[in-house]
2 protein chains.
Amino acid sequence: MNSKLFRGSLDTIVLKLLRDKGKMYGYQIAKEVKHISEGRFHITEGSLYPALHKLERKGYLDTEFERVDNRTRKYYRLSPKGKTAVKEEIKEMKSFLTGLSLIVNPEK
Amino acid sequence: MNSKLFRGSLDTIVLKLLRDKGKMYGYQIAKEVKHISEGRFHITEGSLYPALHKLERKGYLDTEFERVDNRTRKYYRLSPKGKTAVKEEIKEMKSFLTGLSLIVNPEK
DNA sequence: ACTATATACCTAAGATTATTATGTATATTA
DNA sequence: TAATATACATAATAATCTTAGGTATATAGT
């Protein structure tokens, strides 16, 4: 990623996107994150693919391969375990956002 | 810290607090972060002190020792270099917060 | 007197995770 | 034909946090 601040948020972002979109492949996730964040976040392949593999190993993601235009896509979707986990992760991220806001934008 | 999300934000938080408060010592920083974040963030000593030493080494912080109640406090304050850096870091953090919000709380 | 908690600093081993660079392969556009 | 986009992947390195431990004083409770 572009910013050191990003460290630690990647998993949650991936899980959240997959919850919203149903299924996605890696390359698509990177593009989508850049788009949704309005150009702020640029996920590099070197962080994305290992993160996806880790989430798959942990049993949070199920996968299926699909061939489109002679290129292989590896689609990811949330497993039941991943669906449970994503709820907690999003809750944590919202709390994290609130905490950071309190520090960066202290009221008055 | 309590949450993996915190990874990467510690430096910026420390610099921001020092900009607001003028000078602070380590223990005080940990308490203050917990207080301002309304209990969300618990900085552990094992992450805080190395981070302070790193920022000092980088020339962002100046230090002075003070003895209070027979205990030594090491006070930190922003150096001129640190004052320059903190502006950029806060700008980055606000952009980061905006980006994360767009992902976690997509409009409609 | 003893114990726990709070204050106040510190370091070290290990784990986690991002960065940077590299590799393979196909399709499209200039 | 060369560059860019699509699409996957891994490996060495660096950065940074976690966990655990260490030292020391003051205070409050039993």
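Throughout, a chain's letter reflects where its sequence line sits, starting with A, and its residues are numbered from 1.
- Within the 4.0 angstrom heavy-atom criterion, base atoms lie near A:R7.
- Within the 3.5 Å criterion, the main-chain N or O of B:R67 finds no donor-acceptor partner in the side chain of B:T72.
- Atom OH of A:Y27 is separated from atom P of C:dT26 by 17 Å (rounded to the nearest Å).
- Taking 4.0 angstrom as the limit, B:T44 places a side-chain polar atom (N or O) nearer than this to OP1 or OP2 of D:dT18.
- Residues A:S9 and A:T12 have side chains that never bring a donor and an acceptor to within less than 3.5 angstrom of each other.
- Between B:F41 atom CZ and D:dT18 atom P the separation is 12 Å, expressed in whole Å.
- Of the possible donor and acceptor atoms, none in the side chain of B:E88 sits under 3.5 Å from a partner among the backbone N and O of B:A85.
- When the nearest nucleotides of DNA chain C are assigned to A:D11 and A:N70 by heavy-atom distance, the more 5′-ward of the two goes with A:D11.
- In this structure, B:K23 satisfies the cation-pi test against B:Y75, with its NZ or CZ atom closer than 6.0 Å to the six-membered ring centre and inside 45 degrees of the ring normal.
- A:G26 comes within contact range of the sugar-phosphate backbone alone, with a heavy-atom separation under 4.0 Å but no base atom that close.
- A:M24 has its CE atom 16 Å from the C1' atom of D:dC8, to the nearest Å.
- Going from atom CD1 of A:I43 over to atom C1' of D:dA7 covers 15 Å, rounded to whole Å.
- For the pair B:E45 CD and D:dT19 C1', the interatomic distance rounds to 12 Å; values are reported in whole Å.
- Residues from residues 49-57 of chain A that place a heavy atom under 4.0 Å from any atom of DNA chain D, listed by number: A:Y49, A:P50, A:H53.
- Between B:R71 atom CZ and C:dA8 atom P there is a gap of 5 Å when expressed in whole angstrom units.
- Contact annotation: A:K31 side-chain N/O to D:dA5 OP1/OP2 distance is not under 4.0 Å.
- No hydrogens or angles considered: nothing links the side chains of A:S95 and A:T98 as a donor-acceptor pair under 3.5 Å.
- Ring centroid separation for the pair A:Y76 and A:Y25 does not come in under the 6.0 Å cut-off.
- The interatomic distance linking A:K4 (NZ) with D:dA14 (C1') rounds to 15 Å, in whole Å.
- Considering only side-chain N and O atoms, B:Y25 lies under 4.0 angstrom from the phosphate OP1 or OP2 of C:dA8.
- Listed for the A:R7 side chain is no donor-acceptor partner under 3.5 Å among the backbone atoms of A:K4.
- As rounded to whole Å, 13 Å separates atom C1' of D:dT16 from atom CG of B:L48.
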